[in-house]
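Read the structure below first, then the notes.
Lettering of chains follows the sequences in order, A, B, ..., and the numbering in each one begins at 1. Just so you know, these numbers come straight off a predicted model, no measurement behind them.
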There are 2 protein chains.
Amino acid sequence: MTKNSKTLSSGLEDYIETIYIAQLKNLPLKGADLARQLCVSRASVSEALAKLVAKKLITYNSYETISLTQLGIEFAQNVYNKHHTLKMFFEQVLFIAPDEAGENACKIEHIISQNVLNRMTEFTEFCRQNEKFLTEFKKEITRK
Amino acid sequence: MTKNSKTLSSGLEDYIETIYIAQLKNLPLKGADLARQLCVSRASVSEALAKLVAKKLITYNSYETISLTQLGIEFAQNVYNKHHTLKMFFEQVLFIAPDEAGENACKIEHIISQNVLNRMTEFTEFCRQNEKFLTEFKKEITRK
DNA sequence: ACAAAGTGTTAGGTTTGCCTTACATTAATA
DNA sequence: TATTAATGTAAGGCAAACCTAACACTTTGT
């Protein structure tokens with residue numbers, strides 16, 4: 001049974017997303033950095049990177065900076081967009097504090113359907129064009 | 001290291017939620033029914049029920065109907081409320097079809113924070129009191 | 001009441017993702 | 001440059017959740 005190459009486990013999505021963000025910021029990223037950021041052991045990182053190499057999502061040789069392949073970038077952008085959509089929705093529509101919005105986004109990004117996500121994007125945008133509604137909602141919740 | 005008795009794995013939450021729903025409907029539920037509903041083997045159900053008994057969330061003897069303890073009911077209501085909040089939000093605010101709303105709720109209910117959930121409830125309620133906004137949003141999305 | 005159907009458990013496996021320990025390799029710095 | 005620090009990997013384990021196969025027990029239907 002060959003692996004479905006179209007999907008990644010939540011864990012691998014986290015790895016690839018972290019690598020992507022580092023790459024966006026032009027920060028060289030090594031395995032040990034990943035271990036620190038994701039709070040896992042260097043050994044676990046080593047295993048995970050091997051899987052990502054096998055799936056041709058990253059290129060990596062020991063002691064070098066990890067980098068994403070074109071395919072890896074596509075996967076990463078997909079996850080990153082989900083994260084961003086959720087975070088913006090939580091912050092701008094539901095008025096959740098950035099930290100908590102981010103924490104929820106981190107978990108939900110791996111499981112929510114694309115269709116719901118698209119609708120969230122539309123909703124956030126619609127609210128932006130109709131500011132008064134959210135202003136009223138904010139008044140409502142802060143009054144409590 | 002003793003287990004944290006305040007939280008359950010996603011899987012066990014699914015078991016207990018299913019048991020709760022059957023109990024609400026007054027439908028007697030056996031292990032084999034659970035296996036069918038959750039699409040797992042009877043053996044897996046047997047293991048899971050043993051864990052729930054150990055945690056004092058259900059009472060159960062072979063070949064009898066499974067039932068929730070008071071503690072189990074509290075856990076189940078908590079999950080069930082989350083599910084309901086999410087499903088209503090997806091359906092009524094984002095206009096997601098019931099099936100898809102339910103599928104997303106099933107997954108997200110296990111990981112979303114209570115605070116975000118509360119805000120969703122407030123938002124859904126607020127929208128209900130301001131129907132025009134959602135009517136406009138619906139127009140917007142169906143126009144595409 | 002007894003065979004057939006349904007239900008439950010046990011034993012033994014698999015997979016995934018993590019761990020620690022120990023060791024090897026590379027990089028940094030005194 | 002010679003240590004020391006940092007990094008990476010391999011081996012061996014563990015725990016959670018699932019599985020199948022085999023067997024035991026209970027319920028149902030004729």
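When side chains are defined from C-beta on, A:Met120 does not count as touching A:Val93, because their heavy atoms never get closer than 4.5 Å.
Rounded to whole angstrom, the span from the CZ atom of B:Arg36 across to the P atom of C:dG6 amounts to 9 Å. The nearest whole Å value for the distance from the OH atom in A:Tyr15 to the P atom in C:dC18 is 5 Å. The distance between atom CG of B:Leu52 and atom P of D:dA17, rounded to the nearest whole Å, is 10 Å. In this structure, the CD atom of B:Glu64 is 13 Å from the C1' atom of C:dG8, given to the nearest Å. Between A:Tyr60 atom OH and C:dT26 atom P the separation is 12 Å, expressed in whole Å. Between B:Leu29 atom CG and C:dG6 atom P the separation is 17 Å, expressed in whole Å. Summarising the geometry, the separation between CG on A:Leu8 and P on C:dG17 is reported as 10 Å, rounded to the nearest angstrom. Following rounding to the nearest Å, A:Asn61 (CG) and C:dT25 (C1') show an atom-to-atom distance of 14 Å.
In this structure A:Tyr80 satisfies the ring pair (Phe, Tyr, Trp, His ring centres under 6.0 Å) test together with A:Tyr20, sequence neighbours excluded. Among residues two or more places apart in sequence or in another chain, the ring pair (Phe, Tyr, Trp, His ring centres under 6.0 Å) test is passed with B:Phe89 by A:Phe89.
Pairs of residues two or more places apart, or lying in two chains, never qualify as ring-ring contact (aromatic ring centres under 6.0 Å, His included) while including a residue from residues 29-70 of chain A. Among residue pairs with one or both ends in residues 59-88 of chain B, those qualifying as salt bridge (Lys or Arg N to Asp or Glu O under 4.0 Å) are B:Lys87-B:Glu91; sequence neighbours excluded. Pairs passing the salt bridge (Lys or Arg N to Asp or Glu O under 4.0 Å) check and including a residue from residues 96-116 of chain A, sequence neighbours excluded, do not occur. Annotation: salt bridge (Lys or Arg N to Asp or Glu O under 4.0 Å) contacts involving residues 34-49 of chain B, sequence neighbours excluded, comprise B:Asp33-B:Arg36. For residues 16-32 of chain B, no residue pair satisfies the salt bridge (Lys or Arg N to Asp or Glu O under 4.0 Å) rule, not counting sequence neighbours.
If you check residues 19-27 of chain A against DNA chain C, you find no residue with a heavy atom closer than 4.0 Å.
Taking every side-chain heavy atom of B:Ser46 into account, C:dT9 is the closest of C:dT9, C:dT7, D:dT9.
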How does protein contact run along nucleotides 19-27 of chain D, one letter per nucleotide 5' to 3', with B for base contact, S for sugar-phosphate only, - for none, heavy atoms under 4.0 Å?
BB---BBS-

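Among the atoms of the strands shown, none is found under 4.0 Å from any heavy atom of A:Gly11.
Contact annotation: B:Lys51 reaches the phosphate of D:dA17 (side-chain N/O to OP1 or OP2, under 4.0 Å).
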Passes ring-ring contact (aromatic ring centres under 6.0 Å, His included), A:Phe126 versus B:Phe133? Steps please.
CA-CA 10 Å; A:Phe126 185 74; B:Phe133 186 76; 5.1 Å; yes

